[in-house]
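Scroll down for the structure; my scribbles are underneath it.
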Amino acid sequence: MTDRIIVPVVLSGGAGSRLWPASRSRQPKQLLPLVDERTMFLTTIQRTNAVPGTRTPLVVCNEHQRLGIRRELAASGHRDAPIILEPVGRNTAPAAAAAALHLTEDGSDPILFILPADHVIRNEAAFGEAATLAADIADKGYLVTFGIDPTGPETGYGYIRFGDRLTDGVRMVEEFREKPDAPTAEGYVSSGRYLWNSGMFMFRASRYLGELDAHAPAILEAARAALGSAHRDGPFTRLDEAAFASSPSTSIDYAVMEHTESAAVVPIHTGWSDVGSWSALWEIGAHDDDGNVLVGDVETIDVQNSYVRSDGRLVAAIGLDNIVIIDTRDATLVARKDRSQDVKGIVERLKSAGRLETETDGTEVLSDGVRATLAKGAGYRVAMTRIEPGGRTVHDADERRSHHLTVVAGTARVTIDGEVRTVSAGEAVAVDVAATCEIVNASETEPLEFIDVAADTHGMSGNESGSDT
């Protein structure tokens, strides 16, 4: 094995609309703790630690996700990891092209480990072994994908037909097949020659760029122009919108893997799921004696084979079978479990109606914490803010509103127009109209929580939450 550098490239642009109402465009599923106490993004970063040679990751996401992504990167020990911001979504091939160009700017040529941010992998040891094997093959110039050993005739996944053995544990790719109908999927699985297409890849940056030049030059040209005119701000690289929008919108599979003569596949047996629906979360969840997965404050009587989730309020269910119930701060979903893929249709209808519930539940991600609206009406807004240890938030001078801040947990160091004061739990401070205010969590170990009551005699409008840097 040569001395090599592997850079995880985490693609985090999706909104996860099939997991609405928990997942919203500004708070997508990869930034939520849907499987355990960690977000799926954080577990994606952490599982790459098992692969020798991995370095600081690079993330491709959109503007709305940038603060949440940076917070998760800090939690993984990579606070200053580079983040490429897509102005528009153009699928995985252009995103990976921008990442490859960014990572080769200094003349290096790392192996890219392309990973969606929202996958669940139960057997992380097996995943590490498969990724190490894939890196050996990528080091030799192959473009490697990962194929999941199918557990049934799933119609929601693409398939890979594998060919001759390349080396132990690695096969050449014969062809990619799109999502099949049920009879076709049954034929694929019974043949023993097909794997599910995971959407994970590994290849040298130069090899990927070379294949793009040969098979999809318009993507390469657009990505190069977008990066060349990008705005750089600390860890953030904002791609030029006009240039990036000119790229064809297509996947790595379509753009490169279906055309290259150097496609290899590593079959993996890792308990994988792309968590594409609530039924998928039910399948991988911990079931009770009635086959239910119950998350949060939930009580049931005579309920079987259901997924019931509460993000706050008590949810009670009686006499149900094969049902999904998702209750959030501002929306509730009730559906048959076998119709959970159709949630996307509800989201599209809400978008057409201009409903903000597709974007956020009123929670705002800050650079060092999160702010949630508790109540709002004409002339007032009540919000709960949580600041991580050592973190800070800033209210710019507000010409319309006064603020009354009450600390409920921790200790705040509050600076109002240059005057510094310490505010402990149970104490409050007033911020007058037009005053600037910085709130710092004085603790390096405990979170700070405070309630902000904003009063405006003219009614709430504009930026209701102040600003955060």
Side-chain angles (χ1 to χ4, degrees), residues 10-45 59-69 71-73 83 85-86 88-92 95 114-121 154 156-158 179 196-200 249 251 272-285 293 295-296 307-311 324-335 337 339-352 355-365 370:
V10 183
L11 306 182
S12 183
S17 58
R18 289 184 178 86
L19 289 177
W20 185 88
S23 181
R24 318 283 178 103
S25 61
R26 294 174 183 262
Q27 303 144 281
K29 62 176 180 177
Q30 58 268 30
L31 295 179
L32 301 176
L34 293 177
V35 179
D36 56 30
E37 71 281 357
R38 301 172 298 169
T39 68
M40 286 189 285
F41 179 91
L42 181 57
T43 59
T44 298
I45 296 293
V59 181
V60 184
C61 66
N62 61 47
E63 182 72 25
H64 292 315
Q65 298 175 12
R66 68 183 180 91
L67 293 180
I69 290 294
R71 186 179 65 185
E72 293 300 307
L73 284 168
I83 301 172
L85 299 176
E86 295 178 299
V88 291
R90 280 296 178 265
N91 214 315
T92 57
I114 309 295
L115 296 165
D118 53 3
H119 288 185
V120 170
I121 293 177
E154 175 62 55
Y157 299 141
K179 298 174 182 178
W196 288 339
N197 187 354
S198 71
M200 299 183 290
S249 179
S251 67
W272 172 89
S273 172
D274 70 348
V275 194
S277 66
W278 290 114
S279 61
L281 273 172
W282 174 81
E283 289 172 0
I284 65 175
V293 176
V295 182
Y307 186 96
V308 185
R309 182 186 192 93
S310 169
D311 289 341
V324 168
I325 301 174
I326 312 298
D327 187 63
T328 67
R329 183 188 305 275
D330 64 338
T332 302
L333 169 72
V334 181
K337 186 149 57 67
R339 296 289 302 276
S340 62
Q341 287 282 352
D342 297 335
V343 172
K344 188 174 182 179
I346 287 287
V347 174
E348 290 171 352
R349 182 177 296 184
L350 293 172
K351 282 183 179 178
S352 297
R355 298 291 296 262
L356 293 178
E357 288 90 343
T358 63
E359 298 181 13
T360 178
D361 63 356
T363 302
E364 177 187 2
V365 177
V370 65

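Annotation for M200 and P116: closest pair CG-CD, 3.8 Å, computed over non-hydrogen atoms. Across all their heavy atoms, I83 and C61 have their closest contact at CG2-SG, 3.7 Å. Between A95 and E86, the shortest heavy-atom contact is CB-OE2, 3.5 Å. The minimum heavy-atom distance linking E72 with F41 is given by the pair CB-CD2, 3.5 Å. Of all non-hydrogen atoms in V10 and I45, the two that sit nearest each other are CG2-CD1, 3.6 Å.
Residues Q65 and N62 are in side-chain contact: their nearest non-hydrogen atoms beyond the backbone lie under 4.5 Å apart. When side chains are defined from C-beta on, L19 counts as touching L281, because their heavy atoms get closer than 4.5 Å. With contacts defined as side-chain heavy-atom distances shorter than 4.5 Å, the pair V343/L333 qualifies. The shortest distance between side-chain heavy atoms of W282 and V324 does not fall below 4.5 Å.
To the nearest 0.5 Å, the span separating CG on N91 from OG on S249 amounts to 5.0 Å. Here the CD atom belonging to Q30 is positioned 11.0 Å from the OG1 atom belonging to T43, to the nearest 0.5 angstrom. We find the NZ-OG distance between K344 and S17 to be 5.0 Å, quoted to the nearest 0.5 Å. Note that the CG atom of L115 and the CG atom of L11 stand 8.0 Å from one another [nearest 0.5 Å]. Remark: I69 CD1 to R66 CZ distance equals 12.0 Å, nearest 0.5 Å. The CH2 atom of W278 sits 4.0 Å away from atom CD1 of I326, with the distance rounded to the nearest 0.5 Å.
Exactly one residue among H64, K351, R26 makes a side-chain contact (heavy atoms from CB on, under 4.5 Å) with E359. That residue is R26. With R24 as the fixed residue, the side-chain contact (heavy atoms from CB on, under 4.5 Å) test singles out one of D361, T358, T363: D361.
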Exercise. Please report the C-alpha distance between L67 and E364 in whole Å, then the side-chain angles of each, then the deciding distance to 0.1 Å, and finally whether the side-chain contact (heavy atoms from CB on, under 4.5 Å) criterion is met.
Key: CA-CA 10 Å; L67 293 180; E364 177 187 2; over 6 Å; no
Practice problem: Before giving the answer on side-chain contact (heavy atoms from CB on, under 4.5 Å), spell out for D311 and R329 the whole-Å C-alpha distance, their side-chain angles and the decisive distance to 0.1 Å. | Solution: CA-CA 7 Å; D311 289 341; R329 183 188 305 275; over 6 Å; no
Practice problem: Would you sort out whether M40 and V120 count as a side-chain contact (heavy atoms from CB on, under 4.5 Å), showing the intermediate values? | Solution: CA-CA 7 Å; M40 286 189 285; V120 170; 3.9 Å; yes
Quiz prompt | Stepwise side-chain contact (heavy atoms from CB on, under 4.5 Å) check, V60 with S12 | solution = CA-CA 6 Å; V60 184; S12 183; over 6 Å; no
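Note on ring orientation: taking the six-membered ring where Trp is involved, the planes of W196 and W272 are tilted (angle from 30° to 60°).
A donor and an acceptor atom, one from each side chain of E283 and S273, are nowhere located under 3.5 Å apart. In the model, R71 has no side-chain atom that pairs as donor or acceptor with a side-chain atom of T39 under 3.5 Å.
The number of heavy-atom neighbours closer than 6.0 Å to CZ of R339, taken from other residues, nucleotides and ligands shown, is 12 or below.
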